[in-house]
There are 2 protein chains.
Amino acid sequence: MFSQAAKYAIKAVIYIWTQSLENRRVGSKEIGGKIKTPEAFTAKILQPLVKAKLIGSIKGPNGGFFVNESHEEVTLKDIIKAVDGDGLFSGCSLGLPNCSEKNPCPLHFEVVKVRKELDNMLTSKSIKQLAIEVLNGETRLAKVV
Amino acid sequence: MFSQAAKYAIKAVIYIWTQSLENRRVGSKEIGGKIKTPEAFTAKILQPLVKAKLIGSIKGPNGGFFVNESHEEVTLKDIIKAVDGDGLFSGCSLGLPNCSEKNPCPLHFEVVKVRKELDNMLTSKSIKQLAIEVLNGETRLAKVV
DNA sequence: AACATTGAAGATAATATTGTCCGTTAATTG
DNA sequence: CAATTAACGGACAATATTATCTTCAATGTT
């Protein structure tokens with residue numbers, strides 16, 4: 001469903017939110033350690049998110065990645081789109097070049113419902129809310145030993 | 001959502017059904033030509049489907065791929081699982097090793113709904129029915145020029 | 001029996017994705 | 001202002017996916 005990069009991005013961004021809620025900036029080393037993703041690759045994935053202003057970053061000592069009020073409207077869908085493109089959300093699911101209502105592929109009308117739920121999953125809760133649930137211990141970002 | 005291989009497989013199997021409904025076996029050359037997929041790669045993708053008895057094949061002159069009554073219960077979900085594995089339908093969508101009801105990832109409960117619709121899309125109509133819709137001109141397997 | 005046809009299987013190649021490493025740039029601290 | 005820290009950016013490497021090609025095995029035709 002999601003690329004490896006997108007999975008890492010989702011976990012990383014939620015983790016960044018948990019820490020920003022406690023007023024801590026986090027470095028890529030800490031992120032990789034906490035959510036069990038390869039550090040350098042995770043850092044690489046976060047760069048386009050910074051460029052797209054979906055998260056913030058600051059260099060130097062005590063620097064790192066963070067989010068604030070300006071990022072409250074950002075959804076996981078925005079994250080996925082920045083990392084994987086929007087192929088999951090639009091275009092023909094079978095790859096037909098001119099698939100449309102008038103010229104539908106066999107899945108054209110069915111895929112609408114799947115995408116509706118997908119959209120719902122990735123936009124109905126704010127990332128902040130997801131982070132709060134992690135802080136509350138209701139959900140987890142990594143294997144608990 | 002689907003790998004390239006799975007997209008090809010879906011189109012190929014529906015095409016095979018359209019032709020079997022008219023009592024024609026089809027070769028990989030014809031399949032690739034009709035649904036606009038690379039011929040050799042398409043043939044390769046069909047092999048595991050034959051092995052899993054999701055479609056039939058026969059060698060030699062006038063041979064090719066086909067389906068019959070014994071394949072009427074096969075669903076697109078079976079096809080996807082044979083080609084891509086069942087990662088789309090089960091396991092943690094974020095890749096957590098021990099994600100569960102007791103230890104849920106942030107998307108654990110949300111992904112259920114998406115998978116329900118996905119399941120519905122890939123199992124509610126038989127492949128035969130999808131092929132009939134193609135034969136009727138209601139849907140298409142390739143770009144119409 | 002010889003030959004042509006078509007799927008099966010394996011080797012190989014091209015491309016995309018995943019992942020690492022290292023030098024550069026920006027920010028903070030002393 | 002020098003040293004340190006951490007993101008940024010580009011090069012590079014490993015692996016997976018996509019795609020091709022060649023040989024082999026099975027089947028039908030002449």
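Every chain is numbered from 1, with letters handed out A, B, ... down the list of sequences. Computed over heavy atoms, backbone and side chain alike; hydrogens, waters and symmetry mates excluded.
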What nucleic acid atoms does [X] come within less than 4.0 Å of, heavy atoms only: base, sugar-phosphate, or nothing?
{"X": "A:Ala5", "answer": "sugar-phosphate"}
{"X": "B:Gln4", "answer": "sugar-phosphate"}
{"X": "B:Tyr8", "answer": "sugar-phosphate"}
{"X": "B:Val83", "answer": "nothing"}
{"X": "B:Ile58", "answer": "sugar-phosphate"}

Quick one: [X] [atom1] to [N] [atom2], roughly how many Å, whole number?
{"X": "B:Lys51", "N": "C:dG7", "atom1": "NZ", "atom2": "P", "answer": "16 Å"}
{"X": "A:Asn62", "N": "D:dT4", "atom1": "CG", "atom2": "P", "answer": "18 Å"}
{"X": "A:Arg24", "N": "D:dA6", "atom1": "CZ", "atom2": "P", "answer": "11 Å"}
{"X": "B:Gln47", "N": "D:dC24", "atom1": "CD", "atom2": "P", "answer": "17 Å"}
{"X": "A:Phe41", "N": "D:dA16", "atom1": "CZ", "atom2": "P", "answer": "13 Å"}
{"X": "B:Lys7", "N": "D:dA19", "atom1": "NZ", "atom2": "P", "answer": "10 Å"}
{"X": "A:Glu39", "N": "C:dG19", "atom1": "CD", "atom2": "P", "answer": "14 Å"}
{"X": "A:Ile31", "N": "D:dA7", "atom1": "CD1", "atom2": "C1'", "answer": "11 Å"}

Closest to the B:Pro38 side chain: D:dT20, D:dA25, D:dA6?
D:dT20
If you only use heavy atoms from C-beta on, which nucleotide in D:dC21, D:dA6, C:dA8 is closest to the side chain of A:Lys59?
D:dA6
Result for 5'-nearest mapping on DNA chain C, choosing between A:Asp84 and B:Ala43, is B:Ala43
Map A:Pro61 and B:Gly60 onto DNA chain C by nearest heavy atom, then report which one ends up closer to the 5' terminus.
B:Gly60
Before you tell me yes or no, could you show the steps for B:Gln19 and B:Lys34 under side-chain contact (heavy atoms from CB on, under 4.5 Å), namely the whole-Å CA-CA distance, both residues' side-chain angles and the distance that decides it to 0.1 Å?
CA-CA 11 Å; B:Gln19 300 306 295; B:Lys34 290 290 184 175; over 6 Å; no
Would you indicate, yes or no, if D:dA6 has its OP1 or OP2 atom less than 4.0 angstrom from a side-chain nitrogen or oxygen of A:Ser57?
no
Within less than 4.0 Å of OP1 or OP2 of D:dA6, is there a side-chain N or O belonging to A:Ser28?
no
Do A:Thr75 and A:Asp78 have side-chain atoms, one donor and one acceptor, less than 3.5 Å apart?
yes
Pairing donors with acceptors under 3.5 angstrom, does anything connect the side chains of B:Thr42 and B:Ser28?
no
So which atom in B:Tyr15 and which in B:Val26 form the shortest heavy-atom distance, rounded to 0.1 Å?
CE2-CG1, 3.9 Å
I'd like to know whether A:Glu117 forms a salt bridge (charged side-chain N to carboxylate O under 4.0 Å, His left out) with B:Lys116, so could you lay out the CA-CA distance, the side-chain angles of the two residues, the decisive distance to 0.1 Å, and finally the verdict.
CA-CA 9 Å; A:Glu117 287 301 340; B:Lys116 185 159 164 282; over 6 Å; no
ILVMFWY cluster, A:Ile16 and B:Leu96 together (side-chain gap under 4.5 Å):
no
Judged by each residue's nearest nucleotide on DNA chain D, which is more toward the 5′ side, A:Leu46 or B:Ala6?
A:Leu46
So does A:Lys44 reach the base of D:dG10 with its side chain, donor to acceptor, closer than 3.5 Å?
yes
